Amino acid sequence: MRLTAKLLLYLMIACAFSAHAQVDSAKFVNKFNYGFELGGYFSSNNKIPFWQKSNKFGSVPQNGNSLYFRQVLMSKKDTTKRFFSADYCIDLVTIVGEKPLIILPEAFVGLNFGALRLSGGRIKSIHGLVDTTLSSGSVTWSGNSLPLPEVRLSIPEYKRLFANWLSFKGHYSHGWFGEQTYVKGYFLHQKSLYGRIGTPNAKMHFYGGLLHSVSWGGTPKYDAESFEKLTDGKFPADWFTYGQVVVPYEAVVDTTLGYGGFETENRFGNHVSQIDLGMDFSVKNGKIMLYKNNIIETGRTLGSLSNLDDGLYGFSFHNYKEKAVFKKVVFEYLFSMNQGSYNALIARLLNKPYKDYGNNGFYFNHQQYLDGWSYEKETIGSPFFVPDDELKLESSKGIFTFSNSNRLKVFYLATQMQLNSIGIVAKGSYSQNFGSIWFPVEPLNQLNTSFEFKVPMKAKNSFIKVDIGIDHGELIKDNYGINFAYQRFW
């Protein structure tokens, strides 16, 4: 194993110098963009610190003492505004260390037909209404895990609808979870529709939309038959099931249709959704954005508005001053204590009856899909929903749960700065973690911080990157780590 690691390291260094020497030629630069990063992670407890690992699309090593070589190859952006165009991207990470690994965080081909786009492969995406550069992560689809392979039909940019002040965007996709810890061969269904009120150049815009994601089908690798969770030895995946997945009706009352008891009492598949509202407006030398991600895991909470206080609350300020030190500031608050266990304030003000007693949510967990809302053991949604495998205390873990730490109060602050030629990104979060409704724990306090510095070098578009991460608290093990890397782009 040590010999293999050394050979991989020598190969990485050779590739880096080869890329440095060859890619500058106009022949290659005119055809595509290329970049590489050569670096390492080092930490006190052999784990990657929280903010060095979170929202990196699953592209970091599994251990905190590792070296890596990353290469990105992508087509140049088409600025001709032709009706038809094509593009592609390949992002490859080679890791050496205790656990050598090759990761493909992104590899796709896209075809553009006017406003429509058809793409397939692993596609890095953050779905939902957030500040995509500094946010802690959209509540159900943050870019925290490795992207799922998928085929996607989308309108990726806001397009006019009926009037210049009304526009929309959205997507419809089918993906593959493949084989996970508890279930194999299951699928992803996902769609979104977002609207914007306000002309493109208006000083104020209002936003709203829905993101609906479902894991469905597949075969359990655990004993699910004794719990009436199966239909003919599998989780159902026929066309009737797909219709129920796309448009989740009420539970199937007719038990003669041949579906298992779980489907006749609940919905088909594991539905994880969010409804977003937001606005942005221009101020002197900048822009402010406000947003809210509302978590929807059952139709009951959607209809009753009982969990409307749960979700991600966000504030973003983008400073347009050219010589300003602080370029952008984001503050967010994540709250997930309700989960249908009581009526939220708005529901009480609207005199909505409380009808969810005994049907509380269990965010990012599921009684059929025991892998929960995860892919390759990483949370698909907000990274604050920490997997049980990473929790510090055995007493804070659940039974057959992916993340028992799903009742949260989190404060998050991030800023992007420019100090002369040095770029700085600082992130910090303080969380109180109460376990879950089913397996509650005394509140566990956690503090996570990171400070990233990017220093330009003499060679054009080359940088030295230093990222320092610190974890301290009662939820996960204390950790101190550093990521040191050299980057070059063409």
Side-chain angles (χ1 to χ4, degrees), residues 41-66 126 130-139 142-145 293 312-316 328-337 363-364 374 377-393 396-397 402-417 424-435 441-453 465-484:
Y41 287 90
F42 308 95
S43 68
S44 60
N45 72 3
N46 202 27
K47 295 289 185 182
I48 307 294
F50 184 83
W51 282 119
Q52 289 183 359
K53 176 183 179 182
S54 298
N55 300 338
K56 299 297 174 60
F57 297 97
S59 63
V60 299
Q62 296 180 3
N63 296 92
N65 299 313
S66 303
I126 299 174
V130 293
D131 183 300
T132 56
T133 59
L134 284 183
S135 172
S136 65
S138 178
V139 70
S142 67
N144 186 63
S145 72
N293 297 166
L312 180 72
Y313 302 77
F315 166 89
S316 169
K328 182 179 283 190
V329 177
V330 170
F331 174 76
E332 293 179 335
Y333 175 61
L334 175 63
F335 182 85
S336 63
M337 297 292 292
Y363 292 164
F364 291 10
S374 73
K377 299 183 180 181
E378 296 291 346
T379 307
I380 296 175
S382 170
F384 292 121
F385 293 88
V386 178
D388 278 8
D389 290 345
E390 299 178 16
L391 298 180
K392 186 175 184 178
L393 302 175
S396 62
K397 301 179 181 180
F402 164 68
S403 175
N404 190 57
S405 180
N406 64 13
R407 295 175 70 235
L408 314 168
K409 297 178 182 179
V410 184
F411 297 91
Y412 169 83
L413 178 65
T415 181
Q416 179 182 344
M417 296 172 280
I424 304 172
V425 175
K427 297 180 180 180
S429 58
Y430 170 75
S431 63
Q432 289 185 304
N433 305 266
F434 297 81
V441 300
E442 291 297 317
L444 303 173
N445 300 311
Q446 182 66 39
L447 179 67
N448 306 105
T449 59
S450 75
F451 303 90
E452 178 185 295
F453 304 87
K465 183 183 76 171
V466 180
D467 188 351
I468 301 170
I470 301 173
D471 300 333
H472 178 69
E474 302 166 304
L475 185 70
I476 61 178
K477 293 181 179 179
D478 287 359
N479 196 9
Y480 307 89
I482 186 170
N483 169 216
F484 186 85

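What you are looking at is a predicted structure, and each value in this text was computed from that prediction instead of being measured.
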Item to complete: Using the side-chain contact (heavy atoms from CB on, under 4.5 Å) rule, take Tyr333 and Lys409 through it: C-alpha gap first, then chi angles, then the decisive distance, then the call.
Response: CA-CA 7 Å; Tyr333 175 61; Lys409 297 178 182 179; 4.0 Å; yes
Worksheet item: Can you say whether the rings of Tyr412 and Trp51 are parallel (under 30°), tilted (30 to 60°) or perpendicular (over 60°)?
Response: tilted
Worksheet item: CD1 of Ile424 to CD of Gln416: how many Å apart, nearest 0.5 Å?
Response: 10.5 Å
Discussion item. For Lys477, is the NZ atom crowded, meaning more than 12 foreign heavy atoms sit under 6.0 Å from it?
Written reply: no
Discussion item. In the structure I gave you, are the side-chain heavy atoms of Asn293 and Ser138 within less than 4.5 Å of one another anywhere?
Written reply: yes
Worksheet item: Which heavy atom in Phe57 sits nearest to a heavy atom in Ile126, and how many Å separate them?
Response: CZ-CG1, 4.2 Å
Worksheet item: Can you name the salt bridge (Lys or Arg N to Asp or Glu O under 4.0 Å) partners of Glu390, sequence neighbours left out?
Response: Lys53
Worksheet item: Judged by atom type as modelled, is there a donor-acceptor pair below 3.5 Å linking the side chain of Ser403 to the main-chain atoms of Val386?
Response: yes
Item to complete: State which residues pass side chain to side chain donor-acceptor pair (under 3.5 Å) with Glu332; sequence neighbours excluded, sorted by chain then number.
Response: Ser135, Ser136, Tyr291
Discussion item. So does Tyr480 get a backbone contact from the side chain of Ser44, meaning a donor-acceptor N/O pair under 3.5 Å?
Written reply: yes
Item to complete: Could you tell me which residues satisfy side chain to side chain donor-acceptor pair (under 3.5 Å) with Ser142, sequence neighbours excluded, listed by chain and number?
Response: Asn55
Worksheet entry | Any side-chain donor near an acceptor of the partner, Asn404 and Asp388, under 3.5 Å | no
Worksheet, complete the sentence: To the nearest 0.5 Å, atom CG of Asn63 lies from atom CZ of Phe42 at 12.5 Å
Worksheet item: Among all residues two or more places apart in sequence or in another chain, which pass the side chain to side chain donor-acceptor pair (under 3.5 Å) test with Ser405?
Response: Asn433
Practice prompt. State, yes or no, whether a side-chain contact exists between Tyr313 and Phe331 at a heavy-atom distance under 4.5 Å.
Written response: no
Discussion item. If I take atom CD from residue Gln446 and atom CG from residue Leu408, how far apart are they, to the nearest 0.5 angstrom?
Written reply: 11.5 Å
Practice prompt. Kindly compute the distance separating OG (Ser431) from CZ (Phe384), expressed to the nearest 0.5 Å.
Written response: 6.5 Å
Item to complete: Kindly give the heavy-atom pair with the smallest separation between Leu334 and Ser382, and that separation in Å.
Response: CD2-OG, 3.8 Å
Discussion item. Tell me if a side-chain donor or acceptor on Thr379 pairs with a main-chain N or O of Pro383 at a distance below 3.5 Å.
Written reply: no
Discussion item. Rounded to the nearest 0.5 Å, what separates atom CG in Asn65 from atom OH in Tyr41?
Written reply: 12.5 Å
Worksheet item: What residues, two or more places apart in sequence or in another chain, satisfy salt bridge (Lys or Arg N to Asp or Glu O under 4.0 Å) together with Lys328?
Response: Asp131
Discussion item. Let's go through Asn46 and Asn479 carefully: what are the C-alpha distance in whole Å and the side-chain angles of both, what is the deciding distance for side-chain contact (heavy atoms from CB on, under 4.5 Å) to 0.1 Å, and is it a yes or a no?
Written reply: CA-CA 9 Å; Asn46 202 27; Asn479 196 9; over 6 Å; no
Discussion item. So does Gln52 get a backbone contact from the side chain of Lys56, meaning a donor-acceptor N/O pair under 3.5 Å?
Written reply: yes
Discussion item. For the CZ atom of Phe385 and the CZ atom of Arg407, what is their distance to the nearest 0.5 Å?
Written reply: 11.5 Å
List, one per line, each side-chain donor-acceptor pair under 3.5 Å for residues 465-476, sequence neighbours excluded.
residue: Lys465; atom: NZ; partner: Glu37; partner atom: OE2; Å: 3.1
residue: Lys465; atom: NZ; partner: Asn483; partner atom: OD1; Å: 3.3
residue: Asp471; atom: OD1; partner: Phe50; partner atom: N; Å: 3.3
residue: Asp471; atom: OD1; partner: Asn448; partner atom: ND2; Å: 2.9
residue: Asp471; atom: OD2; partner: Phe50; partner atom: N; Å: 3.0
residue: His472; atom: ND1; partner: Asp478; partner atom: OD2; Å: 3.1
residue: Glu474; atom: OE1; partner: Asn445; partner atom: N; Å: 2.8

Worksheet item: Do side-chain atoms of Ser336 reach the backbone of Asn406 as a donor and acceptor pair under 3.5 angstrom?
Response: yes
